[in-house]
Engineer: 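Have a look at this one.
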Amino acid sequence: MLRSETSDLSKFFVSRAETDKYLAELGHLDPAYRAVMVSDGTLTNMLSALHLEDIATECFENAQGLPDPEQRHWLSIGSEPCVRRRVELNGALSGTTYVRALSHLYPPRLPSSFLMDMSRAGASLGTQLLSSRISHRRELIWIRGGPGLLFSRLYRILLNDKPAILIQEDFLEKVTDTALV
């Protein structure tokens with residue numbers, strides 16, 4: 001990927017310097033995944049369209065925890081606890097794990113009904129935000145590479161212009177993927 005092309009992509013991220021470090025390494029990405037990388041829509045719907053199968057959300061952790069300093073910075077909080085959620089987004093037919101995600105939800109900035117709904121089995125953050133009709137916007141923070149990853153991205157969801165949810169999504173490398181061939 002050329003330097004000018006990486007600059008064109010880094011404009012979508014708040015932490016442009018952090019993003020620029022890794023974008024050159026991500027030039028091999030399929031164009032569809034570059035679109036996912038900068039999108040601010042519901043990931044389960046995009047993955048379903050990319051891989052031609054329903055996507056199931058499997059939650060492995062939904063408990064109170066303290067975010068690390070970087071995460072607290074992006075949430076604009078001190079040492080207050082958050083709800084920490086670890087999920088995998090898996091193909092319902094293939095069983096392929098496409099994404100592993102770690103989210104931190106800051107309860108004082110979220111409706112209690114939303115937090116209760118997120119504790120249901122199979123609950124998806126994006127889908128729940130849409131169905132609850134909570135007014136929000138997303139802000140992409142950085143993109144990184146890493147071993148075993150197509151890429152990793154960090155973004156936050158703002159309610160009333162305050163960060164309420166921070167999400168890191170790790171897009172996993174796959175051995176085969178006939179949907180993108």
Side-chain angles (χ1 to χ4, degrees), residues 1 5-6 8-16 18-19 22-23 25-62 71 74 85-105 110 114 117-118 120-159 163-181:
M1 188 177 291
E5 291 169 325
T6 61
D8 289 344
L9 286 176
S10 68
K11 69 183 176 193
F12 294 104
F13 297 88
V14 173
S15 183
R16 292 179 78 163
E18 174 78 14
T19 299
Y22 292 94
L23 278 173
E25 299 171 18
L26 300 173
H28 68 281
L29 283 179
D30 183 280
Y33 266 100
R34 281 199 301 272
V36 169
M37 177 175 49
V38 299
S39 71
D40 62 0
T42 304
L43 182 60
T44 52
N45 292 342
M46 287 183 282
L47 288 174
S48 182
L50 275 172
H51 299 287
L52 302 175
E53 66 177 324
D54 287 337
I55 302 299
T57 301
E58 187 173 352
C59 184
F60 293 97
E61 180 182 10
N62 192 30
Q71 295 159 339
W74 291 115
R85 228 174 108 77
R86 291 182 194 277
V87 301
E88 284 185 354
L89 302 181
N90 302 310
L93 295 174
S94 69
T96 301
T97 299
Y98 295 111
V99 175
R100 288 193 176 108
L102 170 63
S103 306
H104 289 90
L105 295 79
L110 291 162
F114 178 82
D117 288 340
M118 287 310 305
R120 289 182 298 111
S124 160
L125 276 170
T127 303
Q128 190 58 40
L129 281 167
L130 290 174
S131 67
S132 67
R133 299 179 186 245
I134 295 172
S135 179
H136 67 281
R137 70 181 175 90
R138 296 173 192 227
E139 196 171 64
L140 297 168
I141 297 171
W142 53 245
I143 191 89
R144 294 178 180 164
L149 299 176
L150 288 172
F151 62 91
S152 180
R153 71 177 184 173
L154 183 72
Y155 66 96
R156 59 188 175 183
I157 297 174
L158 295 97
L159 279 62
I165 303 171
L166 185 71
I167 303 170
Q168 180 176 333
E169 296 168 334
D170 295 331
F171 291 77
L172 307 179
E173 287 184 336
K174 296 169 292 303
V175 177
T176 60
D177 186 355
T178 57
L180 291 177
V181 174

Engineer: Looking only at heavy atoms, which two atoms of Arg85 and Thr57 are closest? And how far apart?
Structural biologist: NH2-CG2, 4.2 Å
Engineer: If you take all heavy atoms of Tyr33 and His51, which pair is closest and at what distance?
Structural biologist: OH-NE2, 2.6 Å
Engineer: Search all heavy atoms of Val36 against all heavy atoms of Leu43 and return the closest pair with its distance.
Structural biologist: CG1-CD1, 3.8 Å
Engineer: Who passes salt bridge (Lys or Arg N to Asp or Glu O under 4.0 Å) against Glu53, sequence neighbours left out?
Structural biologist: none
Engineer: Between Phe114 and Ile165, is there a side-chain heavy-atom distance shorter than 4.5 Å?
Structural biologist: yes
Engineer: On a heavy-atom basis, which atom in Glu173 and which in Leu150 lie closest, and how many Å separate them?
Structural biologist: CG-N, 3.7 Å
Engineer: Quick one: list whatever passes side chain to side chain donor-acceptor pair (under 3.5 Å) with Trp142, sequence neighbours left out.
Structural biologist: Glu70
Engineer: Using a 4.5 Å cut-off on heavy atoms from C-beta on, say whether the side chain of His104 contacts that of Trp74.
Structural biologist: no
Engineer: Any salt bridge (Lys or Arg N to Asp or Glu O under 4.0 Å) involving residues 87-99? Give me the pairs, sequence neighbours left out, ordered by first then second residue.
Structural biologist: Glu88-Arg100
Engineer: Applying side chain to side chain donor-acceptor pair (under 3.5 Å), name anything that partners Gln71, two or more places apart in sequence or on another chain.
Structural biologist: none
Engineer: Between CG of Asp170 and CG of Leu89, what distance do you get to the nearest 0.5 Å?
Structural biologist: 11.0 Å
Engineer: Is the shortest side-chain heavy-atom distance between Leu172 and Leu149 below 4.5 Å?
Structural biologist: yes
Engineer: Under a 4.5 Å cut-off applied to non-hydrogen side-chain atoms, are Ile143 and Phe12 in contact?
Structural biologist: no
Engineer: Under the rule for side chain to side chain contact (heavy atoms under 4.5 Å, CB included), what residues qualify as partners of Glu61, not counting sequence neighbours?
Structural biologist: Ala63, Arg84, Arg86
Engineer: Who passes ring-ring contact (aromatic ring centres under 6.0 Å, His included) against Phe151, sequence neighbours left out?
Structural biologist: Phe171
Engineer: My understanding is that only residues two or more places apart in sequence, or in another chain, count here; which of them pass side chain to side chain donor-acceptor pair (under 3.5 Å) with Ser48?
Structural biologist: none
Engineer: Considering non-hydrogen atoms only, spot the tightest contact between Ser39 and Arg153 and give its length.
Structural biologist: O-NH1, 3.0 Å
Engineer: So, using side chain to side chain donor-acceptor pair (under 3.5 Å) as the criterion, who are the partners of Asn62 when residues are at least two apart?
Structural biologist: none
